[in-house]
Amino acid sequence: MTESHSSTLIGIAQKFDITGRVSDVQKYGNGHINRTYLVTTDKKRYILQKINADVFPNVENLMSNIVAVTNHLRSRGENTLTLVPTVDGDCYLRDGGYRMYEYIENTVALQAARDENTLTVCGNAFGRFVNALSDFDASSLHETIPFFHDTPRRFGAFCAALENDKSRRAHTCAPEIKFINSTGDTLDKIIKGLADGSLPLRVTHNDTKLNNILFDSVTGDARAVIDLDTVMSGSMLYDFGDAIRFAANKASEDEKDAKKAKLDTKLFTAYAQGYLNAVKNSVTDKEIELMPYSAYLMTLECGIRFLTDYLDGDVYFATQYPEHNLVRCRTQLKLAHDIMSNASTLQNIIYSII
Ligand code: ADP
Ligand code: GN1
Ligand code: MG
């Protein structure tokens, strides 16, 4: 970070109602969407985020969701993010679109599972999250990203990106395009289930990556579910499937050797145990039946989104090098294929837990 950028950020941090004098601002975390900074004062630490206005065009609505959701979670006795208001008493800084949270001390965001217990704790935390929001008035929530997990629509956006081939990259990803094109009729089970009422609509997190949980550095307990930008009405299967996609993969999302991407059935089992233990009183038979499918679908959807962004010229996800989105797409397609090949084993695991 340049000196002038750093002093601009210090100036921005001081527009919030913080304790102490800012001594340092550093880039922080591994999120793909917002720009996150750690702000240190002589008294406390804070998280400052520049909200990605391309991804979230209505920041006002987004922030009103976060205020309502964090208040609700707190009223249900759950630990959650604490927003720091601006010195003018607003919940975010309109000039530039920044918000601030108290830094949750003595916690760690994991980029990969440490062991099976990590996943049981993570599954339990996301399960408790959906429970705590079960009596939240969903109609008061704004849709921050419309059709976020509408996988057939994501496929449609991919087809359009391919047709436009804006960055002249389609010739570099023929096998991935072929694979995605072969999956077109496998994408609609959840969206159809929600539409015909056979799957319940709930308030869900929708971005259940392992690094969206803060774990206590000493005890390993879950201290908070974070990254609340996509809390919207949805299916709990989105949360289950997306968590498996990221945390129960033997390889990381950006592993360059896609062959290494493979479902770790022990980690799958551990996550499912934690999740089902939390939601056992409300989960329905159809949700249980579709849990392995949801892991396939959310993984494939993410692969489709990465390839769409690659074709569009890397306009959505933060990337570190030109093929980054293609590399990510490959791990997701390999993992989706692996999950589908093991569907009956995974089904047996789920039924043995329930
Ligand atoms: P993105 O939407 O870009 O993923 P996140 O809100 O998930 O942004 O934040 C990125 C990272 O910043 C998290 O993975 C975590 O490491 C860290 N983080 C965010 N909020 C806090 C907080 N309140 N306390 C401690 N760390 C945090
Ligand atoms: C983004 O914000 P982050 O890094 O937690 C994305 C998710 C993707 C994920 C892939 C708002 O999550 O949907 O699954 O990257 N978030 C948004 O790593 O698009
Ligand atoms: Mg995040």
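The basis for the numbers below is simple: all heavy atoms, side chains too, and nothing from hydrogens, waters or symmetry mates. Just so you know, ligand 1 is whichever comes first in the structure, and atom 1 is the first atom listed for that ligand.
Distances below 4.0 Å separate heavy atoms of Gly31 from the following atoms of ligand 2: 4 (O). Numbered from 1 in the order shown, with element, the atoms of ligand 1 that lie under 4.0 Å from a heavy atom of Tyr28 read 12 (O), 17 (C).
Residue Glu105 places every heavy atom at 4.0 Å or more from ligand 1. Taking 4.0 Å as the cut-off, Tyr316 counts as a neighbour of ligand 2 on heavy-atom distance. Under a 4.0 Å heavy-atom criterion, Arg35 is not in contact with ligand 1. Distances shorter than 4.0 angstrom do not occur between any heavy atom of Asp229 and any atom of ligand 2.
At a 4.0 Å heavy-atom cut-off, ligand 1 touches Asn212 through the side chain alone. Heavy atoms of Ile226 found under 4.0 angstrom from ligand 1 belong exclusively to the side chain. With a 4.0 Å heavy-atom cut-off, ligand 2 is reached by the side chain of Arg245 but not by its N, CA, C or O. Only the side chain of Phe306 comes within 4.0 Å of ligand 2, judged by heavy-atom distances. Counting heavy atoms closer than 4.0 Å to ligand 1, residue Leu214 contributes side-chain atoms (C-beta onward) but none from N, CA, C or O.
Counting heavy atoms only, Glu102 comes closest to atom 23 (N) of ligand 1 of the residues Gln111, Arg223, Glu102. In the candidate list Ile33, Val108, Thr107, Thr36, Thr36 is nearest to atom 12 (O) of ligand 1, counting heavy atoms.
Every salt bridge (charged side-chain N to carboxylate O under 4.0 Å, His left out) that Asp90 has, sequence neighbours left out, goes to Arg94. Applying the ring pair (Phe, Tyr, Trp, His ring centres under 6.0 Å) rule to His72 yields the partners Phe136; only residues at least two apart in sequence or on another chain are considered.
Of the listed residues (Thr319, Asp254, Asp314), just one forms a side chain to side chain donor-acceptor pair (under 3.5 Å) with His324, and that residue is Asp254.
If you chain together hydrophobic residues whose side chains sit under 4.5 Å apart, Leu214 and Met100 never meet in one group.
Every N/O-N/O distance between Asn211 and ligand 2 stays at or above 3.5 Å. Distances between N or O atoms of Asn30 and those of ligand 2 include no value under 3.5 Å. Distances between N or O atoms of His32 and those of ligand 2 include at least one value under 3.5 Å. Any N or O atom pair closer than 3.5 Å counts here, and Arg305 shares at least one such pair with ligand 2.
The closest protein non-hydrogen atom to atom 12 (O) of ligand 2 is Asp207 OD2, 3.1 Å.
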